[in-house]
Amino acid sequence: MKKIMLVFGTRPEAIKMAPLVKEFQKYPDEFKTIVCVTGQHREMLDQVLHIFGVIPDYDLDIMKQGQDLYDVTVRVLMGMRDILKKTQPNIVLVHGDTTTSTASALAAFYQQIPVGHIEAGLRTHNIYSPWPEEMNRLITGRIATFHFSPTLLSCQNLLDEGVKKEAITITGNTVVDALYMVVDKIKNNKALDVKLKNILMNAGYDINRLKDGKRLVLITGHRRENFGSGFISICNAIKYLINKFPDVDFVYPMHLNPNVREPIYNVFGTDLSNWNNIFFIEPLEYLSFVYLMEKSTIVLTDSGGIQEEAPSLGKPVLVMRDTTERPEALDAGTVKLVGTGYDKIVGELSALLTDKIYYEKMSKAVNPYGDGNASKRIRSFVCSIL
Ligand code: UD1
Ligand code: UDP
């Protein structure tokens, strides 16, 4: 029996790898599925494991408060050395662009174990944006033997870099598999609807506020290159907007990184409950986050995964970054880059909240990232090569 090891460590990797874990686990006679989490994230990773019912075989538990890139790299590399020696998988599957992915790929390479890269070939062509993710992707791509590209464009990026066509498979993005799993679960499920409403209420946001057509702007942010002045500018723009649009609700589930929270406290004060129409809440587990995204009017974010999810729910996305490695939805007109500048964020969000025609144009549902069957395609390719 072939041993497949899936390695991941942060919230978005877990969301995007969970459907693949489930897919391999459907075939216990063909594959021994080994799940190894690095614990680069702790609470935010555990939320996802819990929602998808994934039980890791190994957990490196590396997270430290305020960890830097060296801490994560070294701890993952050293932790993976022993686990790989012990388990000797036939292939190691890593995801995307985190330090967990790159350090795990390197650890596998040092034992000459082939690596399969999920979500391969995304590029901004600027190694400092997003940082360090663009370099992480490049390094992981050089190490990988097999590349699972979500789209034609990401496949073309790899071909342009000289990767052999036979080594690439276009699969769609597993984020769509995850999203459909969750949307299916929520749809027409009255009991779950009540449960999610309660979860949100306990988290600090009463969804009943939206009953009479009140609009909702959903905000997330965490990019390293935005730390400091970028986040201060974002927060100042949001502060202006909540006053300009007192009838609109703003909900901001805050990433646990202290570098994200500090500018929020600087701009909004240490008592975040002082505001009438902005709700700062703890990170939501995936089901309630998707539920809230589904109810939102506009999404303001610097997230990679949310750029892929929101367009398929027909939600316009303003991306607080200067570049994107996911230009497909940009081309479709449902996503717009606004950077972190105060004027641009205020201008674009105000336009979407006041110009109905502009809003309609950006809010059509498109899904260039997949059809919900990416995991099946990856499993079938892995089956054919082993
Ligand atoms: C990481 C990834 C980034 C990804 C993001 C998703 C790297 C270099 N960065 O960035 O690509 O987009 O995750 O969210 O791989 N923390 C907690 N609990 C948690 C998670 C984080 O307390 O569950 C805090 C800790 O203080 C931790 C800090 O956040 O030290 C930073 O976490 P880290 O994984 O290093 O960076 P992210 O900014 O989350
Ligand atoms: N997400 C979540 N709860 C939250 C915020 C985001 O479950 O409170 C999900 C979101 O739906 C997406 C993923 O987390 O699938 C994105 O994670 P993040 O923005 O941290 O990382 P990125 O995608 O930028 O790497």
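Residues: numbered from 1 along the sequence shown. In listed order, ligands and their atoms are each counted from 1.
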#### Entry: Enclosure of Gln111 CD (heavy-atom neighbours >12, cutoff 6.0 Å)
yes

At what distance is the nearest protein heavy atom to [atom], and which residue and atom is it?
atom	answer
atom 31 (C) of ligand 1	Asn257 ND2, 3.3 Å
atom 36 (O) of ligand 1	Arg224 NH1, 3.2 Å
atom 19 (C) of ligand 1	Glu43 OE1, 3.4 Å
atom 8 (C) of ligand 1	Thr99 OG1, 3.1 Å
atom 4 (C) of ligand 1	His222 CE1, 3.8 Å
atom 11 (O) of ligand 1	Glu133 OE2, 2.5 Å
atom 39 (O) of ligand 1	His41 NE2, 2.6 Å
atom 7 (C) of ligand 1	Gln40 NE2, 3.4 Å

So, is [X] polar-close to ligand 1, with some N/O to N/O distance under 3.5 Å?
X	value
Thr100	no
Asn136	no
Gln67	yes
Thr98	no
Lys64	yes

#### Entry: Connected via hydrophobic side-chain network under 4.5 Å: Val248 and Leu349
yes

#### Entry: Closest contact, heavy atoms only, Pro263 versus Phe231
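Heavy atoms only, the tightest pair is CG-CB, 3.5 Å.
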
Atoms of ligand 1 close to [X] [distance to a heavy atom under 4.0 angstrom, numbered from 1]:
X	answer
Arg42	19 (C), 23 (O)
His255	14 (O), 39 (O)
Gly66	26 (O), 30 (O)
Met44	19 (C), 20 (C), 23 (O)
Pro132	8 (C)
Pro258	26 (O)
Leu256	16 (N), 17 (C), 18 (N), 19 (C), 22 (O), 23 (O), 24 (C)

### Message
Apply side chain to side chain donor-acceptor pair (under 3.5 Å) to residues Thr124 and Ser129 and explain how you reach the verdict.
### Response
CA-CA 7 Å; Thr124 62; Ser129 177; 5.3 Å; no

### Task
Please report the C-alpha distance between Glu43 and Arg11 in whole Å, then the side-chain angles of each, then the deciding distance to 0.1 Å, and finally whether the salt bridge (charged side-chain N to carboxylate O under 4.0 Å, His left out) criterion is met.
CA-CA 9 Å; Glu43 301 85 341; Arg11 170 174 66 190; over 6 Å; no

### Qualifying residues under salt bridge (Lys or Arg N to Asp or Glu O under 4.0 Å), relative to Asp331, sequence neighbours excluded
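Checked Asp331 against salt bridge (Lys or Arg N to Asp or Glu O under 4.0 Å); zero matches.
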
### Message
Check this for me, if you would: do Glu30 and Lys26 make a salt bridge, where the nitrogen-to-carboxylate-oxygen distance has to be below 4.0 angstrom?
### Response
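So Glu30 does not pair with Lys26 through a salt bridge.
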
Is it the side chain (CB and beyond), the backbone, both or neither of [X] that lies under 4.0 Å from ligand 1, heavy atoms counted?
X	answer
Pro12	side chain
Leu69	side chain
Gln65	both
Ser303	neither

### Query
Taking it one step at a time, do Arg137 and Glu119 satisfy salt bridge (charged side-chain N to carboxylate O under 4.0 Å, His left out)?
CA-CA 9 Å; Arg137 287 194 273 266; Glu119 200 181 79; 5.7 Å; no

## Note on the structure
For ligand 2, protein residues within the heavy-atom limit of under 4.0 Å are Arg11, Pro12, Ile15, His222, Arg223, Pro253, Pro283, Leu284, Tyr286, Phe289, Ser303, Gly304, Gly305, Ile306, Glu309

### Test item: Phe268 and Lys239 side chains (from C-beta on) under 4.5 Å apart, heavy atoms
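Touching, per the 4.5 Å side-chain cut-off.
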
### Task
Evaluate the side-chain proximity of Tyr286 to Phe52: yes if any heavy-atom separation is below 4.5 Å, no if none is.
yes

#### Entry: Sequence neighbours excluded, every pair satisfying ring-ring contact (aromatic ring centres under 6.0 Å, His included) that has a member inside residues 342-382
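Listed once each, the pairs are Phe146-Phe381, Phe148-Phe381.
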
### Message
Is the positively charged end of Lys22 above the ring of Phe24, judged by distance under 6.0 angstrom from the centroid and angle within 45° of the axis?
### Response
no

### Message
Within 45 degrees of the ring normal and closer than 6.0 Å to the centroid, is that where the cationic atom of Arg379 sits relative to Tyr27?
### Response
yes

### Query
Given Lys315 and Glu309, is the salt bridge (charged side-chain N to carboxylate O under 4.0 Å, His left out) satisfied, shown in steps?
CA-CA 9 Å; Lys315 307 297 171 184; Glu309 292 162 343; over 6 Å; no

### Query
Under the 4.5 Å side-chain heavy-atom rule for ILVMFWY, direct or indirect, which residues accompany Leu152?
Ile170

#### Entry: Step-by-step salt bridge (charged side-chain N to carboxylate O under 4.0 Å, His left out) determination, Lys344 to Glu348
CA-CA 6 Å; Lys344 187 88 176 156; Glu348 287 294 336; 3.8 Å; yes

### Query
Parallel, tilted or perpendicular: which describes the rings of Phe280 and Tyr252, with under 30° parallel and over 60° perpendicular?
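Plane angle between 30° and 60°, so tilted.
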
### Task
Could you verify whether a donor N or O on one side chain and an acceptor N or O on the other, from Glu360 and Ser363, lie under 3.5 Å apart?
no

